[in-house]
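The structure appears below as structure tokens.
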Amino acid sequence: MLDRAAYHRDFARQCEDLRGTIWKLERSQVFRELEDPSWQAFASGDWRHALDLLEEDRKAVQTEADSNRRQGLKIRRVRVVEHPLSPYVQWELHALRMLAEEGFEVRVLSADNLAYLENQSQLPEVVVVGDRVLYEVRYLPDWTPCGARRIRTPDVIRTAASEIGRLYRRGEPLLRFFEREVAPLPAPAV
């Protein structure tokens, strides 16, 4: 078990010379991103400012995408959505749209399409770093991030990467989903 700071340090170390793919599965419909200024603006009800703050991060996102390309690193994310979209997911899809515009590979999958995997419980939030490590991201009861459980078992890592990859292939490209389902929405009520 890693606290939040240890998780971030370990994740950075695992990615330093990685070539290949990082898989990320995001399932929860609510998170509290207390250290993100855009999330803070969103949570306080200032939608326009939240979107402006996201846009201010574009240069940093471009720099990260360029660095990943030079390194030979792909980041592929599956964002599970429920309908109607929660206010948090609506905000996050704006952030993910910018990532997708800058070359990150993001797909959206309706929760209905993975119900067969959730007959006992909701899927966890998972990050798989190549074939090196799997992190099950942990949260406080209010969905504030608090760290991760690090798993190094090769079979578990391979299986999780394969399953997330399968969900990714079933998902819809984020930009197409965004234009149809998110762009027409009014500012969310927080």
Side-chain angles (χ1 to χ4, degrees), residues 1-33 36 61 64-65 67-69 71-83 85-86 88-89 92-93 95-97 99-100 102-177:
M1 296 303 254
L2 304 171
D3 66 21
R4 188 165 185 203
Y7 164 51
H8 287 285
R9 284 191 307 273
D10 195 70
F11 178 83
R13 190 175 66 248
Q14 296 293 336
C15 296
E16 280 176 2
D17 61 349
L18 181 68
R19 299 177 75 72
T21 304
I22 294 175
W23 292 101
K24 185 168 186 179
L25 174 66
E26 289 181 298
R27 174 60 179 93
S28 179
Q29 304 301 290
V30 176
F31 291 111
R32 291 173 42 85
E33 306 287 346
D36 185 313
V61 170
E64 183 179 351
S67 175
N68 291 344
R69 277 190 286 278
Q71 183 174 329
L73 181 61
K74 292 181 182 179
I75 299 177
R76 291 185 171 159
R77 181 186 308 237
V78 177
R79 187 12 143 164
V80 177
V81 298
E82 295 177 6
H83 294 282
L85 298 178
S86 71
Y88 172 84
V89 169
E92 186 191 32
L93 289 171
L96 294 177
R97 178 186 67 165
L99 293 179
E102 299 304 331
F104 288 80
E105 300 176 47
V106 184
R107 297 224 173 174
V108 176
L109 187 65
S110 171
D112 296 340
N113 290 323
L114 52 81
Y116 68 99
L117 294 171
E118 295 186 325
N119 50 3
Q120 292 186 13
S121 64
Q122 183 172 293
L123 290 175
E125 310 299 311
V126 175
V127 179
V128 181
V129 181
D131 60 359
R132 298 176 177 183
V133 64
L134 178 151
Y135 299 102
E136 181 182 353
V137 185
R138 297 182 313 118
Y139 297 86
L140 298 174
D142 69 356
W143 286 99
T144 300
C146 65
R149 181 168 65 124
R150 181 178 56 203
I151 300 170
R152 294 183 178 267
T153 310
D155 289 346
V156 173
I157 294 167
R158 274 192 302 277
T159 300
S162 176
E163 286 297 314
I164 297 171
R166 194 168 51 77
L167 295 174
Y168 178 87
R169 288 186 294 279
R170 291 178 56 203
E172 179 178 4
L174 179 278
L175 293 176
R176 188 168 66 204
F177 179 87

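In this chain, numbering begins with 1 at the start of the sequence shown. Note that this is a predicted model, so its numbers are computed, not measured.
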### Task
Please answer whether the main-chain N or O of Gln122 pairs with a side-chain N or O of Arg27 as donor and acceptor at a distance below 3.5 Å.
no
## Note on the structure
Rounded to the nearest 0.5 Å, the CD1 atom of Ile157 sits from the OG atom of Ser162 at a distance of 13.5 Å
### Query
Under the side-chain contact (heavy atoms from CB on, under 4.5 Å) criterion, do Glu64 and Ile75 qualify, and how do the steps go?
CA-CA 11 Å; Glu64 183 179 351; Ile75 299 177; 4.3 Å; yes
### Query
Could you give the distance from CG (Leu2) to NE2 (His8), rounded to the nearest 0.5 Å?
10.5 Å
### Task
Go through Leu140 and Arg32 one step at a time and tell me if the side-chain contact (heavy atoms from CB on, under 4.5 Å) criterion holds.
CA-CA 10 Å; Leu140 298 174; Arg32 291 173 42 85; over 6 Å; no
## Note on the structure
In short, Val128 meets Ala161 closest at the heavy-atom pair CG1-CB, 4.0 Å
### Message
Can you tell me how far apart CZ (Arg77) and CD1 (Ile164) are? Round to the nearest 0.5 Å.
### Response
12.0 Å
### Donor-acceptor contact below 3.5 Å, side chain Ser110 vs main chain Asp112
yes
### Task
Identify the two heavy atoms, one from Ala65 and one from Phe104, that lie closest to each other, and give their separation to 0.1 Å.
CB-CE1, 3.8 Å
### Message
Give me the atom names and distance for the closest heavy-atom approach of Ala160 to Leu134.
### Response
CB-CD1, 3.2 Å
### Task
Name all residues meeting the side chain to side chain donor-acceptor pair (under 3.5 Å) criterion together with Arg169; count only those two or more places apart in sequence or in a different chain, and write none if there are none.
none
### Query
Any donor-acceptor pair under 3.5 Å linking the side chain of Ser28 with the backbone of Val30?
yes
### Task
Decide side-chain contact (heavy atoms from CB on, under 4.5 Å) for Val89 and Arg79; before the verdict, give the C-alpha distance in whole Å, the side-chain angles of both, and the deciding distance to 0.1 Å.
CA-CA 9 Å; Val89 169; Arg79 187 12 143 164; 3.9 Å; yes
### Query
At what distance, to the nearest 0.5 angstrom, does CZ of Arg170 lie from CG of Leu114?
7.5 Å
### Message
Determine whether a donor-acceptor pair (N or O, by modelled atom type, separation under 3.5 Å) exists between the side chain of Gln29 and the backbone of Glu82.
### Response
yes
### Summary
On a heavy-atom basis, the closest approach of Glu136 and Pro124 is OE2-CB, 3.7 Å
### Task
Describe, in one word, how the ring planes of His83 and Phe177 are oriented to each other, choosing from parallel (under 30°), tilted (30 to 60°) and perpendicular (over 60°).
tilted
### Spatial distance of atom CD (Glu92) from atom CG (Leu99) [nearest 0.5 Å]
9.0 Å
#### Entry: Whether Gln71 side chain and Leu18 backbone form a donor-acceptor pair below 3.5 Å
yes
#### Entry: 4.5 Å side-chain heavy-atom contact, Asn68 and Ile22
no
### Query
Tyr168 and Glu105: side-chain donor and acceptor closer than 3.5 Å?
yes
### Summary
Residues Tyr139 and Val137: closest non-hydrogen pair is OH-CG1, 3.3 Å
### Message
Determine whether a donor-acceptor pair (N or O, by modelled atom type, separation under 3.5 Å) exists between the side chain of Arg150 and the backbone of Met1.
### Response
no
### Query
Tell me the salt bridge (Lys or Arg N to Asp or Glu O under 4.0 Å) pairs involving residues 125-135, sequence neighbours left out?
Asp17-Arg132
### Query
Under the 3.5 angstrom rule, does the side chain of Glu118 hit a backbone N or O of Leu123 as a donor-acceptor pair?
yes
### Ion pair check, Arg166 and Glu163, cut-off under 4.0 Å
yes
### Query
Taking atom OH of Tyr135 and atom CD1 of Ile151, what is their separation to the nearest 0.5 Å?
11.0 Å
### Message
If you count every heavy atom of other residues, nucleotides or ligands that lies below 6.0 Å from Arg152 atom CZ, does the total exceed 12?
### Response
yes
